[in-house]
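Single-structure report; data block below.
Note that the numbering runs from 1 along the sequence shown for the chain.
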Amino acid sequence: MRKVIRDIAGKLSEKLVRIMPFRYFPASHILLEQFFRYRMRKNDFRAVRDYCLYFSEKPGSPDKIKKISADYFCKISLDDKPDIDVIKNLRTGYQEKISQSLDFLASGEKEKACSSFVDALPFAGIPRPAASHLEKAFSIVTGSSSGEKKASACGDSENDYRQAKKIILSGMYWSGTGALYDFFREFEDVKALPVEQRLWKESDYSLGWGLKNIETIDDEGLRQYFLRLFLIPLTGLAMPRCWQDVLGGKVGINSVKNDKNGKYSLSISKFFSTITDLRAEKKLDYSSFLSSSAVFTDRLLNALSGDFSGSILPDNAVHIGDIENFRFFSNAHLVCVFRDPRSNYAARYHENIRFRKNPEDFIKYYRGTRENYVKQLSAFKDCSDKIIEVQFEDFILSEEYRKSLAEKLGLDHSLWSRRKYFRAHKSVKNVYNYRNFSDKAVMDLIGSSLKEYCV
């Protein structure tokens, strides 16, 4: 059905796309998103940009139209510096309230900041049980007087969570984790969480960033970090600054909107309460931040999975060049996926619009990532049995290899719905894609420079 919608949307004229969202089509935001995807696949960035600008200048554009336009405007800004005035014009109702709240906060008006934040939540469609916990969390993060009064309300038992089993996929941009994700979610004893998770890795709003900087950051830096963490990956309420923010916020906004029992939002409130207490007691360091974040991670994953009793599968939660972030996950296996660098380059060249098509830069990045992995791996000697290395090509070509992998992870073969999502016969083309690459000299350069990683 989505393919049909996509194909129809892709062929619509400029005039039709502009008129339909406001007059005819009942799900205009779906139509617009499919149209954007279609034009992106055609590398028609100009059309995407023109429509984004059109909706940014059109009074009364629906919030869903604004959000999709803002997201894609960030995506086509390949330097990650989208025009801030355009983004401001595309703010949704709740994003305007959040921006207003941050302005109040910057001027020292904390109570007004909290009030504007509370006003934003109904605009975002967040259920009341979740909203009440998010209000507490925001008060704690901003250090308002109301936050000090309410912090204790978040302090339920620290043992009210369980260390659910987890399968953590780790790769490096087009290394093939998507194939493993599809394979694992064919098992009924696996709960796959949708959309790539960015809470733990890479960006300046991640728990990984906090772990690396927690012992050197000052009070104001910590407050700004908490705001980024809270408003981007955890709730997705903030106006995006770049494409990374769009990716990070996608999971957050969907999570709080679907948090009908408030359990996800309560875990957020508890986390910030714990961390601010540790800071006040001068006990916040690498170790305490890590242990608190690990408890927080368990609570979040339990909430997102509905307290699933089997293995929880976040999508690509740890980058393979920074596996230190695996420490956030208790009772877990880390599955590290490696791919022939020639195949990796060819896939990114054809499929990733943000890929800088410079083979020398790619060689440096690939080698550096693999070397960082080996370097960090030495710190996991005490739990080396929890780290499983997978060669993408072997995984695709051998069913026995796949079965063995499932057994290592304790998955039940009787609960396996074969070929429901993963189809090996279709993925074979991704193993040898570099053989038909248009520039043979580039493949030869990558093959000779990274020959120890080629298969």
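Legend: residues meeting salt bridge (Lys or Arg N to Asp or Glu O under 4.0 Å) with Arg128, ordered by chain and number and at least two apart, are Glu135. Every residue two or more places apart in sequence or in another chain was checked for a side chain to side chain donor-acceptor pair (under 3.5 Å) with Tyr225, and none qualifies. Residues passing the salt bridge (Lys or Arg N to Asp or Glu O under 4.0 Å) test with Lys201 are Glu196, sequence neighbours excluded. Remark: Glu389 engages Phe338, Tyr373, Leu377 in a side-chain contact (heavy atoms from CB on, under 4.5 Å) (not counting sequence neighbours). A search for salt bridge (Lys or Arg N to Asp or Glu O under 4.0 Å) contacts involving Asp444 returns Lys440, not counting sequence neighbours. Judged as a side chain to side chain donor-acceptor pair (under 3.5 Å), and not counting sequence neighbours, the contacts of Glu186 are Trp416.
Between the side chains of Ser77 and Trp243, not a single donor N or O lies within less than 3.5 Å of an accepting N or O. Tyr181 and Arg185 form no side-chain donor-acceptor contact under 3.5 Å, judged by distance and modelled atom types alone. Donor-acceptor pairing under 3.5 Å is recorded for the side chains of Asp298 and Ser330.
A parallel orientation is assigned to the rings of Phe271 and Phe296, their planes being inclined by less than 30° (bins at 30° and 60°).
Because its NZ or CZ atom is not both nearer than 6.0 Å to the ring centre of Tyr205 and within 45° of the ring axis, Arg228 does not count as a cation-pi partner of that residue. Judged by the 6.0 Å distance and 45° axis criteria, Arg299 is not positioned over the aromatic ring of Tyr264. Geometrically, Lys357 engages Tyr349 in a cation-pi contact, judged by NZ or CZ lying under 6.0 Å from the ring centre and within 45° of the ring axis. Figure legend: cation-pi geometry between Arg348 and Tyr345 absent, as NZ or CZ is not positioned both under 6.0 Å from the six-membered ring centre and within 45° of its axis.
For Phe117 and Phe230, the distance between ring centers is under 6.0 angstrom. A ring-centre distance under 6.0 Å is found for Phe422 and Phe395. With ring centers used as reference points, Phe329 lies under 6.0 Å from Trp200.
Taking each heavy atom of Cys454 and Asp340 in turn, the nearest pair found is CA-OD2, 3.5 Å. The nearest pair of heavy atoms linking Phe187 to Ala406 is CZ-CB, 3.8 Å. The two atoms that bring Cys74 and Arg354 nearest to each other are O-NH1, 3.8 Å, heavy atoms only. When all heavy atoms of Leu411 and Asp189 are compared, the closest pair comes out as CA-OD2, 3.5 Å. When all heavy atoms are compared, the tightest approach of Ser255 to Leu304 is OG-CD2, 3.4 Å. Residues Phe392 and Ala179 come closest through the heavy atom pair CE1-CB, 4.1 Å.
Around the NZ atom of Lys212, the shell of radius 6.0 Å holds more than 12 heavy atoms that belong to other residues, nucleotides or ligands.
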**Report entry** Candidate pair Met40 and Ile76, rule side chain to side chain contact (heavy atoms under 4.5 Å, CB included), full reasoning
**Finding:** CA-CA 9 Å; Met40 294 287 281; Ile76 63 171; 3.5 Å; yes
Report task. Apply the test ring-ring contact (aromatic ring centres under 6.0 Å, His included) to residues Trp174 and Phe355: give CA-CA distance (whole Å), side-chain angles for both, the deciding distance (0.1 Å), then the verdict. Result -> CA-CA 11 Å; Trp174 275 260; Phe355 180 51; 8.4 Å; no
Report task. Show your reasoning for whether salt bridge (Lys or Arg N to Asp or Glu O under 4.0 Å) applies to Asp63 and Lys67. Result -> CA-CA 6 Å; Asp63 273 1; Lys67 188 172 190 318; over 6 Å; no
Requested in this report: Kindly indicate, with the supporting measurements, whether the criterion salt bridge (Lys or Arg N to Asp or Glu O under 4.0 Å) is fulfilled by Arg39 and Asp50.
Outcome: CA-CA 12 Å; Arg39 299 319 309 170; Asp50 286 350; over 6 Å; no
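Looking at Gln95 and Phe123, their side chains never come closer than 4.5 Å, going by heavy atoms from C-beta outward. No side-chain heavy atom of Leu211 sits less than 4.5 Å from a side-chain heavy atom of Trp209. With contacts defined as side-chain heavy-atom distances shorter than 4.5 Å, the pair Ser305/Ile312 qualifies. Counting heavy atoms from C-beta outward, Ser269 and Ile140 have side chains that approach closer than 4.5 Å. Contact check for Leu199 versus Phe328: no side-chain heavy atoms found under the 4.5 Å cut-off. Counting only heavy atoms from C-beta outward, the side chains of Ile253 and Leu237 approach each other to under 4.5 Å. Considering only heavy atoms from C-beta on, Phe35 comes within 4.5 Å of Tyr51 through its side chain. Between Phe36 and Glu33 there is no side-chain heavy-atom pair separated by less than 4.5 Å.
Taking a cutoff of 4.0 Å between a charged side-chain nitrogen and a carboxylate oxygen, Glu360 and Lys364 do not qualify as a salt bridge.
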